[in-house]
Amino acid sequence: MLGVSVVPTVLVGNKADLEIGREVTTEEGQKLAEDLRCSFKELSVAEAVLAVEAAVIQLIRMVLDQQRPLPDRRSYMLTVRHALTRKLTRSKTMQW
Ligand SMILES: Nc1nc2c(ncn2[C@@H]2O[C@H](COP(=O)(O)OP(=O)(O)OP(=O)(O)O)[C@@H](O)[C@H]2O)c(=O)[nH]1
C-alpha cells in the first residue's frame with residue numbers, strides 16, 4: 001500500500017483469569033493478531049490492572065516508532081548493529 005501506513009494496533013483479550021467459560025482460545029487470539037498483523041496480549045484487569053497500562057505503553061511506543069523519521073530509524077539500527085558487532089568480536093576474542 002503505497003503512501004498508506006499501517007495503524008499500530010494491539011489486540012487485547014481481557015479476563016485471562018477466567019478459564020471456565022472461555023469463548024476464545026489464546027491460539028485463536030494469536031492467529032487473529034497474525035492475520036491483522038498486530039500485537040497480541042492477554043491480560044486480566046481483575047488480577048493486574050497495570051497490564052492495561054503496559055499494553056497502552058506498548059501501543060504508544062509503536063506509534064512513536066512509526067512516526068520517527070526513517071533516517072533516525074536507520075541510524076538507530078546502525079548503532080545497534082555496531083554495538084552487537086563489537087560485542088560479538090569481543091566475545092570471540094575472549095574465546096581465544
Ligand atoms: N474475573 C474477571 N472479571 C472481570 C475482568 N474484567 C472485568 N471483569 C468483570 O466483568 C464484568 C463486566 O465488566 P465491564 O467492565 O462492565 O465490561 P463490559 O464490556 O461492559 O461487559 P462484558 O463484555 O460482559 O465484559 C464486571 O463484573 C467486571 O468486574 C477480569 O479481568 N477478570
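Atoms within each ligand, like the ligands themselves, are counted from 1 in listed order. Everything numeric in this text was worked out from a predicted model, so none of it was measured.
Residues L32 and F40 share a hydrophobic cluster, clusters being chains of Ile/Leu/Val/Met/Phe/Trp/Tyr side chains in contact below 4.5 Å.
Pairs of residues two or more places apart, or lying in two chains, never qualify as salt bridge (charged side-chain N to carboxylate O under 4.0 Å, His left out) while including a residue from residues 45-63. Counting only residues at least two apart or on different chains, the side chain to side chain donor-acceptor pair (under 3.5 Å) pairs with a member in residues 10-19 are D17-S44, E19-R22.
Judged purely by atom type and a 3.5 angstrom limit, T85 has no side-chain atom pairing as donor or acceptor with the backbone of A83. Checking side-chain atoms of E28 against main-chain N and O of T25 turns up a donor-acceptor pair under 3.5 Å.
Residue V24 shares its hydrophobic cluster (ILVMFWY side chains chained together at separations under 4.5 Å) with no other residue.
In this structure, ligand 1 sits under 4.0 Å from heavy atoms belonging to N14, K15, D17, L18, S44, V45, A46.
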